[in-house]
There are 2 protein chains.
Amino acid sequence: MKILVIEDEKLLADSLKTLLESKGFQVEVAYDGETGAEYALLGIYDLLILDVMMPKLNGYQVARQVRAKRCTTSILMLTAKSAVEDRISGLNAGADYYLTKPFDTRELLACINALLRRQGKQVDELVFGNTALDLDTCTLVCGDKSVRLSAREFDVMRFMLQAQDRIVSKEMILARVWGYDSNAVENHVEVYVGFLRKKLKAIGSNVRIEAIRRLGYHLEVEQG
Amino acid sequence: MKILVIEDEKLLADSLKTLLESKGFQVEVAYDGETGAEYALLGIYDLLILDVMMPKLNGYQVARQVRAKRCTTSILMLTAKSAVEDRISGLNAGADYYLTKPFDTRELLACINALLRRQGKQVDELVFGNTALDLDTCTLVCGDKSVRLSAREFDVMRFMLQAQDRIVSKEMILARVWGYDSNAVENHVEVYVGFLRKKLKAIGSNVRIEAIRRLGYHLEVEQG
DNA sequence: GATACCTTATGAAAATTCTGGTGATCGAGG
DNA sequence: CCTCGATCACCAGAATTTTCATAAGGTATC
């Protein structure tokens, strides 16, 4: 689970980082809105924690910018402003939750869990067509047959399943699975899609990974 | 959009119903936790608004019961209890948002919008006539028929749909889709307009791409 | 050191995209 | 109303790009 904290108060930002890392999250920090928005748009985070009052771009602007680019990462807004109007602006700008400082750390963690749960990233299996991906055992299951996936295969498969009906580009898969700063190339994705197709067929799944030229891949249920 | 309100204070429940219906939602009300949980488990609602203090089953219990049955309807908890512990219990019981009474109606509506937005129920699409361009799957949809567009076809179609009623010149399309510095020629546009017309006809769309001599192209809805 | 996994490389295959040409259509001007 | 030039539609095949499948070399792990 990757979380991006966008917060200009260094003290708070760093204590957030420490808190969240102690709970097993991967955390990165941006200290102003502009770099925050830039990071966020990579689309590799599961959650943004976003302060409102910041230099360069404020939190509302960051949220709007992120949503305008059709980035669907969950946003938790965190701010000293407690007026109702501010909460409304935050939610309308695209935030998913609004918490006012000072906040209780247990409440923050409960919010984070609620948001991640809602993303369907905490369930123990992802289902598509007649096939399920068991997140505990990294196994593809179809009827009474099943096959274990390697770590990479699993990451790629999970990302595609989470995208649901949307088309996922190879860049997105690369950024998410290999990391945006790795030097992996698109052929890696192609090879792993090949592996996955083979394993899907082996268990008799009706799920097909369809290639869409220039755009990426797309999951489909085979009709027949 | 269907909303279920579970609230024992009849006055509040009914005013919520009125408010939400005035915003175009379909609303049903349950006046205690037991019947509320029963209704909720039908799985036909897009959102539950759930009071905590209620006879028979309280809000936490309802939420837990709903989640235990793997029902993923969004839950907005609404209560007079404002202690942090209560908010944490609510979120951990499976709620997606926690609002304390008395609440501002505009804030309530902003929350509801945020929750429904997160459900991704509204697909991203451009609509014209009886036809829609699904931006997630790059597909033209008309009734129950649909056809996938190639990357170029999609770019051209999107540009025209975004132009709405305006006439778009071939230069504009070239600049926008192929890039102002490419060496593509106007015939490219003509060819792709041809492709699009064929696909529009194939799905029975009433959208026509009309050529306007010397000026460019224009979308029209065929009258019949 | 055997096994599984990840990365890199390659050529074949497939689909999209581009090209040039031909015939159809339109509108202006006589 | 007819002619002519310009514009547009359409087609078939070429060129290019993208994807697939496979193999082989590295690396980590037990």
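Since the structure is predicted, the reported quantities are computational estimates derived from the model, not experimental observations. By convention in this document, chain letters (A, B, ...) are assigned in the order of the sequence lines, proteins followed by strands, and residues within each chain are numbered from 1.
Using a 4.0 Å cutoff on non-hydrogen atoms, no part of residues 145-169 of chain B comes near DNA chain D.
Listed here is the closest heavy atom pair of A:M160 and A:L219: O-CD1, 3.7 Å. Nearest heavy atom pair, residue A:V156 against residue A:Y192, reads CG2-CB, 4.4 Å. For the residue pair A:A30 and A:Y39, the shortest heavy atom distance occurs at CB-CD2, 4.4 Å.
Atom OG of B:S74 sits about 8.5 Å away from atom CG of B:D46, to the nearest 0.5 Å.
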Exercise for the section: Check step by step if salt bridge (Lys or Arg N to Asp or Glu O under 4.0 Å) holds for A:E220 and B:R148. Expected result: CA-CA 13 Å; A:E220 302 215 343; B:R148 154 150 293 133; 3.6 Å; yes
Handout entry: CA sep, side-chain torsions, deciding dist, call: A:R67, A:D96, salt bridge (Lys or Arg N to Asp or Glu O under 4.0 Å)
Key = CA-CA 11 Å; A:R67 291 291 181 246; A:D96 293 291; 3.1 Å; yes
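In this structure, NZ of A:K170 is placed 6 Å from C1' of D:dT19, rounded to the nearest angstrom. Per the geometry, OH belonging to B:Y217 stands 9 Å off C1' belonging to D:dT7, to the nearest Å. When rounded to the nearest whole Å, the span between CD1 of A:I212 and C1' of C:dT16 equals 13 Å. As rounded to whole Å, 14 Å separates atom C1' of D:dC20 from atom CG of A:L196. Here the P atom of nucleotide D:dT16 and the CZ atom of A:R214 are 16 Å apart, to the nearest Å. Taking atom CZ of A:F195 as the reference point, atom P of C:dC5 lies 10 Å away to the nearest angstrom. The separation between B:L215 atom CG and D:dA6 atom P is 17 Å, rounded to whole Å. As rounded to whole Å, 11 Å separates atom P of D:dT18 from atom CD of A:E171.
Not one side-chain nitrogen or oxygen of A:K198 sits closer than 4.0 Å to the OP1 or OP2 atom of D:dA21. Phosphate proximity of C:dC6 to A:W178: absent, as no side-chain N or O sits under 4.0 Å from OP1 or OP2. Checking the phosphate oxygens (OP1, OP2) of D:dA21, no side-chain nitrogen or oxygen of A:Y192 falls inside 4.0 Å.
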Compile the donor-acceptor pairs under 3.5 Å between side chains in residues 170-180 of chain B and protein atoms, sequence neighbours left out, one pair per line.
unit_1	atom_1	unit_2	atom_2	d
B:K170	NZ	B:E190	OE2	2.8
B:E171	OE1	B:S169	OG	3.4

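Side-chain atoms of B:E28 and B:Y45 form a donor-acceptor pair, as typed in the model, at a separation below 3.5 Å. Side-chain atoms of B:S89 and B:N92 include no donor-acceptor pair closer than 3.5 Å.
Among the heavy atoms of the strands, none lies under 4.0 Å from A:I209.
Within 6.0 Å of NZ on A:K101 lie more than 12 heavy atoms contributed by other residues, nucleotides or ligands.
Taken over five-pair windows at either terminus, the axes of the helix from C:dG1-D:dC30 to C:dG30-D:dC1 are inclined to one another by 30° (rounded to 10 degrees).
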Practice task
For each nucleotide in nucleotides 19-29 of chain C, reading 5' to 3', give B when a protein heavy atom comes within less than 4.0 Å of its base, S when such contact involves only the sugar-phosphate, and - otherwise.
Solution key: BBB---BB---
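In terms of the ring pair (Phe, Tyr, Trp, His ring centres under 6.0 Å) criterion, residue partners of B:Y97 (sequence neighbours excluded) are, by chain and number, A:Y97. The side chain to side chain donor-acceptor pair (under 3.5 Å) test applied to A:T72 returns no partner, not counting sequence neighbours.
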